[in-house]
Amino acid sequence: MAKAISQYFKRVFDDYQVLVMVNPNEFTGIELIIHPDGRIEKTEMEFDEEIFEDLEVDEFQPCSPLEFQLFLAKA
């Protein structure tokens with residue numbers, strides 16, 4: 001089986017931002033919530049098959065894997 005290439009998404013709200021990493025083969029991933037004070041919440045996630053449609057409806061945009069990994073390293 002080929003190794004999954006994770007996909008990364010981001011949404012900026014008024015006072016915080018959310019970054020999401022999705023493994024499209026297993027529908028697992030990580031959600032990071034970055035607060036204005038620099039605090040980062042990390043949550044391991046399990047998604048369903050509609051995750052990509054859900055992210056689009058919620059106005060998430062693709063983002064850089066590097067950006068996600070930099071925040072993850074601080075979490």
Shortest non-hydrogen pair, P36 vs D15, comes out as CG-O, 2.7 Å

Nearest heavy-atom approach of S6 to N23 is OG-CA, 4.1 Å

One should read off an interatomic distance between E67 CD and Y8 OH, to the nearest 0.5 angstrom, of 12.0 Å

The reported gap from CE in M21 to CD in Q7 (rounded to nearest 0.5 angstrom) is 11.5 Å

Interatomic distance, CG@L32 vs NZ@K74, rounded to 0.5 Å, equals 11.5 Å

Sorted by chain and number, sequence neighbours left out, ring-ring contact (aromatic ring centres under 6.0 Å, His included) with F71 holds for none

Residues 37-64 vs side-chain hydrogen bond (donor to acceptor under 3.5 Å, both in side chains), sequence neighbours excluded, gives H35-E41

Joining Ile, Leu, Val, Met, Phe, Trp and Tyr whenever any side-chain heavy atoms lie under 4.5 Å apart, the cluster holding V20 also takes in F9, F13, Y16, V18, V22, F27, I33, M45, F47, I51, F52, L55, F60

Value for CD1 (I40) from CG (L19), rounded to nearest 0.5 Å, stands at 9.0 Å

